[in-house]
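Side chains included, hydrogens not; waters and symmetry mates left out as well; all remaining heavy atoms used. Values in this document were obtained by computation on a predicted structure and should not be read as measured data.
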Amino acid sequence: SLYLCIRFAKILFFLYMTTKIFIDFFKLFFPRTCRCCGNILLNSENQICTYCISHLPLTNFVNMVNNPVEKKLWGRGKIEAATSLLFFSKKGNVQKILHEIKYKSNINLAHLMGNQLGIELKKSNRFSDVDIIIPVPLHPKKQKQRGYNQSEEIAKGMINHFKKEINTTTLIKTTYTKSQTKQKRFRRWENVSENFSVINTSEIKNKHILLVDDVITTGATLEACIKELLKIPEVKISIATLAYTDN
């Protein structure tokens, strides 16, 4: 009846207003803040404020042949192309973003930045024939401790624009290693050497693979992955990372 419809509508309006008041009250004491500058976000902003995201240090490597990422990997395994979205600097906003993604379980931020990386890759014909995305894997023990693989979450954000299949079953990490952040270059290489393996090879045979990682520093991890993947017949490999650093 009309009376019941009106009453139901009033109940829905009451629930809406109650929820809105609760959300506004929650925001008052626990406001959403920018992961970079700490300022309060507008309702239209997500994770990073408009100012900070528009001032991130883009590399613009995506269309550059023999860019610094590619040079870092010269002589370490054949690749088709490589790029990074952002320049990393100590105590800069990119470091804050990577720290949030890697150590503070901020999966939404990983998806947001992966989305930005996907937009960048769409600008270039150098990556247009990629068939499949493989995120650099974590050892199962480390992934269980962290709860997720940050490279996989970045890849999930990428496919909003860079619409490719994600494969997480072929390349696996076989040895558990501690964090490499504070280790010297040779020790990092020593830690990742021989630490990856390839299974279910039929899934990527004759495919152009895009390896995705959060940051490239020495290139040791990517080198170890490349060497394993190149054991599969007729594969091609390209690289995309969220950040690049010379350190």
Side-chain angles (χ1 to χ4, degrees), residues 13 15-64 67-69 83-124 133 135-136 138 142-143 145-163 166 179-182 212-217 240-247:
F13 180 75
L15 290 173
Y16 167 77
M17 291 304 297
T18 302
T19 303
K20 187 175 184 304
I21 290 169
F22 174 78
I23 292 172
D24 290 342
F25 180 80
F26 183 84
K27 286 182 179 179
L28 181 64
F29 291 96
F30 303 98
R32 296 184 312 123
T33 57
C34 174
R35 299 299 90 190
C36 292
C37 68
N39 289 335
I40 295 174
L41 294 173
L42 302 176
N43 286 335
S44 60
E45 295 174 332
N46 177 29
Q47 297 292 328
I48 305 175
C49 71
T50 303
Y51 178 85
C52 286
I53 203 163
S54 64
H55 285 77
L56 289 174
L58 296 172
T59 66
N60 297 311
F61 289 163
V62 71
N63 283 309
M64 187 188 302
N67 63 58
V69 182
T83 190
S84 295
L85 179 66
L86 303 168
F87 286 111
F88 175 95
S89 60
K90 290 183 178 179
K91 299 184 180 179
N93 283 341
V94 177
Q95 184 179 43
K96 293 175 184 177
I97 289 169
L98 291 174
H99 187 80
E100 282 278 330
I101 292 172
K102 199 165 184 176
Y103 300 113
K104 291 194 174 181
S105 303
N106 197 333
I107 292 175
N108 289 333
L109 183 55
H111 293 169
L112 174 67
M113 297 312 301
N115 184 67
Q116 296 297 311
L117 181 56
I119 291 171
E120 192 74 1
L121 290 171
K122 282 287 288 183
K123 297 177 183 178
S124 176
I133 298 171
V136 171
L138 294 177
K142 182 166 284 188
Q143 183 157 340
Q145 290 171 344
R146 190 170 292 170
Y148 63 97
N149 176 0
Q150 71 276 6
S151 297
E152 182 180 344
E153 299 305 326
I154 290 167
K156 288 177 182 177
M158 289 171 58
I159 61 174
N160 291 329
H161 295 277
F162 194 71
K163 298 185 182 300
I166 298 174
S179 175
Q180 300 180 68
T181 305
K182 297 181 180 179
V212 171
D213 206 0
D214 54 353
V215 60
I216 178 170
T217 50
T241 71
L242 200 55
Y244 165 86
T245 177
D246 282 323
N247 297 329

Participant: Does some side-chain heavy atom of Leu86 sit less than 4.5 Å from a side-chain heavy atom of Leu58?
Facilitator: yes
Participant: Kindly determine whether Thr50 and Glu45 satisfy side-chain contact (heavy atoms from CB on, under 4.5 Å), including the steps that lead there.
Facilitator: CA-CA 7 Å; Thr50 303; Glu45 295 174 332; 2.9 Å; yes
Participant: With a 4.0 Å cut-off on N to O distance, would you call Glu100 and Lys96 a salt bridge?
Facilitator: no
Participant: Can you tell me how far the CD1 atom of Ile133 sits from the CD atom of Glu152, to the nearest 0.5 Å?
Facilitator: 11.0 Å
Participant: Taking the side chain as everything from C-beta on, heavy atoms only, tell me whether Pro135 gets closer than 4.5 Å to Ile166.
Facilitator: yes
Participant: Among Lys122, Met158, His161, find the residue that satisfies the side chain to side chain contact (heavy atoms under 4.5 Å, CB included) test when tested with Leu117.
Facilitator: Met158
Participant: Is any side-chain heavy atom of Thr83 less than 4.5 Å from a side-chain heavy atom of Val69?
Facilitator: no
Participant: If every non-hydrogen atom of Tyr148 is compared with every non-hydrogen atom of Glu153, which pair is closest and at what distance?
Facilitator: CD1-CG, 3.9 Å
Participant: Between NE2 of His111 and CD of Gln47, what distance do you get to the nearest 0.5 Å?
Facilitator: 10.5 Å
Participant: For the atom pair CG (Asp246) and CD1 (Ile216), what is the distance rounded to the nearest 0.5 Å?
Facilitator: 10.0 Å
Participant: Determine whether Tyr51 and Asn39 satisfy the following criterion, side-chain contact (heavy atoms from CB on, under 4.5 Å), listing intermediate values before the conclusion.
Facilitator: CA-CA 10 Å; Tyr51 178 85; Asn39 289 335; over 6 Å; no
Participant: Any donor-acceptor pair under 3.5 Å linking the side-chain atoms of Asp213 with those of Ser151?
Facilitator: yes
Participant: Nearest 0.5 Å, please: how far is NZ in Lys90 from CD in Gln95?
Facilitator: 8.0 Å
Participant: Please find the pair of heavy atoms, one from Ala243 and one from Phe88, that lie closest to each other, and give the distance.
Facilitator: CB-CB, 4.3 Å
Participant: Nearest 0.5 Å, what's the CG-NZ distance between Asn115 and Lys156?
Facilitator: 15.0 Å
Participant: Mark yes or no for whether Arg35, through its side chain, and Ile101, through its backbone, hold a donor-acceptor pair below 3.5 Å.
Facilitator: no
Participant: Under the 3.5 angstrom rule, does the side chain of Asn149 hit a backbone N or O of Val136 as a donor-acceptor pair?
Facilitator: yes
Participant: Say whether Thr217 and Thr245, considering side chains only, have a donor N or O and an acceptor N or O under 3.5 Å apart.
Facilitator: no
Participant: First locate atom CE of Met64, then atom OG1 of Thr59, and finally report the distance between them rounded to the nearest 0.5 Å.
Facilitator: 7.5 Å
Participant: Could you tell me whether the side chain of Cys37 reaches within less than 4.5 Å of the side chain of Cys49, counting heavy atoms only?
Facilitator: yes
Participant: side-chain contact (heavy atoms from CB on, under 4.5 Å) for Leu109 and Ile48? Distances and angles first, verdict last.
Facilitator: CA-CA 8 Å; Leu109 183 55; Ile48 305 175; 3.8 Å; yes
Participant: Leu242 and Leu85: side-chain contact (heavy atoms from CB on, under 4.5 Å), yes or no, with the steps?
Facilitator: CA-CA 5 Å; Leu242 200 55; Leu85 179 66; 4.0 Å; yes
Participant: Any non-hydrogen side-chain atom of Cys36 less than 4.5 Å from a side-chain atom of Ile97?
Facilitator: yes
Participant: Is there a side-chain contact between Phe87 and Tyr244 (heavy atoms, below 4.5 Å)?
Facilitator: yes
